[in-house]
Amino acid sequence: MQVIGGVRRDGSGPDLVDVVNPATSAVVEQYPGAVAADVEAAVSAAKAAYGPWSRATPGERAAALFAWADLLETRAEQLAQRETLQTGKPIRLATGFDVPGSIDNVRFFAGAARQLAGQATGEYSADHTSSIRREPIGVVGSIAPWNYPLQMAMWKILPAIAAGNTIVLKPAENTPLTSVDIAVAATEAGVPDGVINVVSGVGAVAGEALMAHPDVRMVSFTGSTAVGRRVMEVAAGGPKRVHLELGGKAPFVVFDDADLEAAVHGAVAGSLINTGQDCTAATRAYVQRPLYDAFVEGVCELMAAVRLGDPMDPDTDLGPLISRRQQERVAGFVARAQAAGGRVRVGGGMPGGALAAGAYFEPTVITDADRRSEIVCDEVFGPVLVVLPVDSDDEAIAEANDSPYGLAASAWTTSHLRAQRAMREIQAGCVWVNDHIPIISEMPHGGFKSSGFGKDMSTYSFEEYTQVKHVMTDITGVAHKGWHRTIFTLP
Ligand code: NAD
């Protein structure tokens with residue numbers, strides 16, 4: 001489950017790590033986890049590849065990426081199935097979103113790397129010409145989560161290597177399959193050995209070794225805020241550059257002039273995507289009172305119609321959560337919300353029958369929760385939407401912003417002025433108007449506040465994965481430069 005220097009091999013850890021199909025709880029793969037020695041080998045392969053790859057022209061790098069995208073396209077179906085196998089996400093989502101989105105990302109970065117931007121070369125001082133170079137950083141260590149293993153791997157790998165860095169990626173230990181698949185495909189497509197390395201293993205061992213390695217010049221992390229803090233601590237020892245994409249608790253603000261049907265559909269799709277295990281998923285709906293009852297009713301009705309089932313079946317709408325542990329975690333949140341006075345309006349439990357073997361949880365709507373309660377404030381990462389009434393625009397926006405997180409949000413209104421206000425005042429890295437969830441390769445993704453800093457996707461991500469060098473060249477040709485008089489005077 002490792003790809004080091006273009007070669008697929010086993011990790012050298014003593015413990016086997018399980019890859020489990022969350023729909024059945026069956027172990028589908030077991031592999032020896034990576035340990036420090038594997039990380040050492042991967043970093044050293046990435047270091048060896050860095051010189052030639054960083055000196056390759058952007059056009060040469062683009063050609064390798066386009067060839068990689070073409071090869072991945074021929075394996076799209078297999079990639080989707082492997083992604084569904086390890087995550088339990090419905091095959092419709094893997095086929096329609098994860099895989100094509102990832103391949104589009106490869107093609108976007110193949111082109112974008114040829115257009116790195118900087119300030120114009122010029123004579124900003126009368127005696128010098130100044131120019132800007134945008135250079136790669138070196139070996140990047142990246143750590144990814146389990147919710148979108150393929151897309152998260154791509155979001156980490158692409159801006160890094162397109163800009164001339166080399167990378168060692170550590171996928172989440174329970175979802176390494178597609179990260180390994182794409183790294184193998186990259187080698188086959190002609191991406192030089194060592195440019196993309198994958199070490200699969202547990203965070204506390206492989207992740208820690210990767211972050212701390214002295215030859216890793218930057219750590220790029222997507223995952224929980226708790227581990228993000230740990231990443232910053234370890235990186236401080238370098239110090240090394242850090243890019244963090246962390247948790248979220250996205251508000252969904254419905255003004256009283258909203259298109260109710262659009263808002264209801266948007267809330268159900270936006271909260272259930274990836275079984276709610278999406279850092280931008282709609283989690284807290286603030287609905288102005290005139291629409292509140294109809295909104296709750298509409299969302300409950302639509303959620304009750306969502307079909308849970310075998311994620312490999314194209315008719316399935318909603319798959320299981322990632323694991324039994326996550327299922328218990330979500331059930332715990334819902335039980336505590338109820339104990340604290342929240343009303344479960346639909347769902348709220350684990351389905352029985354044929355689904356009892358998997359980590360399924362019913363789509364759930366909760367109302368009457370206390371504003372400051374855990375279910376409203378903390379990241380559940382499950383198919384749970386809390387709906388709360390609000391009385392004014394001011395209150396809606398204040399509640400939306402009353403969170404340590406700031407990854408994404410949406411505003412639902414037919415008023416141009418209200419939309420403008422929401423865009424301006426909601427504190428989040430992405431604000432949708434009359435939609436919730438869509439992303440696109442050309443536009444950045446990244447958080448405000450405790451949701452992290454730095455951007456994935458888009459040309460903005462080059463800010464993270466490149467460093468700017470100022471080159472200042474004397475254009476006078478004289479030995480005695482005017483400014484020397486500030487230091488010494490000659491007769
Ligand atoms: P997690 O933080 O538990 O794990 C993420 C990764 O970190 C895994 O690869 C894990 O092995 C590794 N890790 C764990 N402990 C480590 C340590 N001590 N040192 C180094 N690495 C370590 O998160 P998760 O449960 O896999 O993912 C869910 C979280 O990710 C949610 O909070 C979600 O919001 C967040 N997320 C954020 C984004 C975003 O773009 N902002 C995208 C996806 C997921």
Side-chain angles (χ1 to χ4, degrees), residues 1 11 13 17 19 22 33-36 39 86-87 89 98 101 141-156 168-176 179 198-213 216 219-235 237 242-250 273-283 321-323 325-326 329-330 333 378-382 403-409 428-430 437 439 443-458 461 464:
M1 226 34 101
V17 184
V19 179
V35 291
V39 170
Q86 66 180 351
T87 59
K89 70 178 66 202
D98 297 79
S142 289
I143 298 176
W146 45 257
N147 58 345
Y148 290 100
L150 175 63
Q151 293 203 77
M152 294 303 107
M154 285 302 198
W155 289 14
K156 299 284 156 219
V168 178
L169 170 80
K170 194 205 84 62
E173 52 271 36
N174 47 346
T175 56
S179 298
V198 177
V199 289
S200 311
V202 299
V205 179
E208 290 276 340
L210 181 59
M211 297 190 296
H213 197 292
V216 168
V219 183
S220 155
F221 172 79
T222 298
S224 61
T225 300
V227 178
R229 284 194 195 96
R230 174 73 189 142
V231 173
M232 285 195 82
E233 273 170 25
V234 175
V242 176
H243 170 206
L244 297 179
E245 297 277 357
L246 307 176
K249 186 77 186 173
I273 182 149
N274 214 38
T275 320
Q277 301 161 119
D278 181 310
C279 48
T280 63
T283 57
L321 292 158
I322 189 69
S323 62
R325 204 169 131 231
Q326 189 69 7
R329 185 170 180 270
V330 173
F333 267 103
D378 293 352
E379 196 176 34
V380 177
F381 235 49
S403 167
Y405 294 114
L407 189 57
C430 174
I437 289 299
I439 52 173
M443 288 291 144
H445 172 95
F448 284 12
K449 304 199 280 187
S450 301
S451 291
F453 47 81
K455 300 295 175 192
D456 283 317
M457 305 206 294
S458 83
S461 61
E464 321 306 326

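In listed order, ligands and their atoms are each counted from 1.
Within a 4.0 Å radius of atom 4 (O) of ligand 1, the protein contributes no heavy atom.
Close contacts of ligand 1 with Lys170, meaning ligand atoms under 4.0 Å from a residue heavy atom, involve 9 (O), 10 (C), 11 (O). Close contacts of ligand 1 with Pro145, meaning ligand atoms under 4.0 Å from a residue heavy atom, involve 26 (O), 27 (O), 43 (C), 44 (C). Taking a cut-off of under 4.0 Å to the non-hydrogen atoms of Gly207, the atoms of ligand 1 that pass are 20 (C), 21 (N). Residue Asn147 has at least one heavy-atom neighbour below 4.0 Å for each of these atoms of ligand 1: 43 (C), 44 (C). If you number the atoms of ligand 1 from 1 as listed, the ones under 4.0 Å from a heavy atom of Glu173 come out as 10 (C), 11 (O).
Nearest protein heavy-atom neighbour of atom 36 (N) of ligand 1: Cys279 CB, 3.7 Å. Nearest protein heavy-atom neighbour of atom 37 (C) of ligand 1: Leu246 O, 3.0 Å. Remark: minimum distance from atom 12 (C) of ligand 1 to any protein heavy atom is reached at Ile143 CG2, 3.5 Å. If you check which protein heavy atom lies closest to atom 32 (O) of ligand 1, you get Glu379 OE1, 2.7 Å. In this structure, atom 9 (O) of ligand 1 lies nearest to the protein heavy atom Ala144 O, 2.7 Å. In terms of protein heavy-atom proximity, atom 22 (C) of ligand 1 is nearest to Gly203 CA, 3.4 Å. Of all protein heavy atoms, the one closest to atom 24 (P) of ligand 1 is Trp146 NE1, 3.2 Å. Scanning the protein for heavy atoms near atom 23 (O) of ligand 1, the closest one is Ser224 N, 3.4 Å.
Two residues are said to be in side-chain contact when any heavy atoms from C-beta on lie closer than 4.5 Å; Ser220 and Glu464 fail this criterion.
Counting heavy atoms under 4.0 Å from ligand 1, residue Val231 does not touch it at all. Contact annotation for Ala226 and ligand 1: no heavy atom of the residue comes within less than 4.0 Å of the ligand. Of all the heavy atoms of Pro171, the ones lying under 4.0 Å from any atom of ligand 1 belong exclusively to the backbone. Only the side chain of Met211 comes within 4.0 Å of ligand 1, counting heavy atoms alone; its backbone N, CA, C and O stay farther away.
Under a 4.0 Å heavy-atom criterion, His445 is in contact with ligand 1. For Tyr148, the heavy-atom gap to ligand 1 stays at 4.0 angstrom or more.
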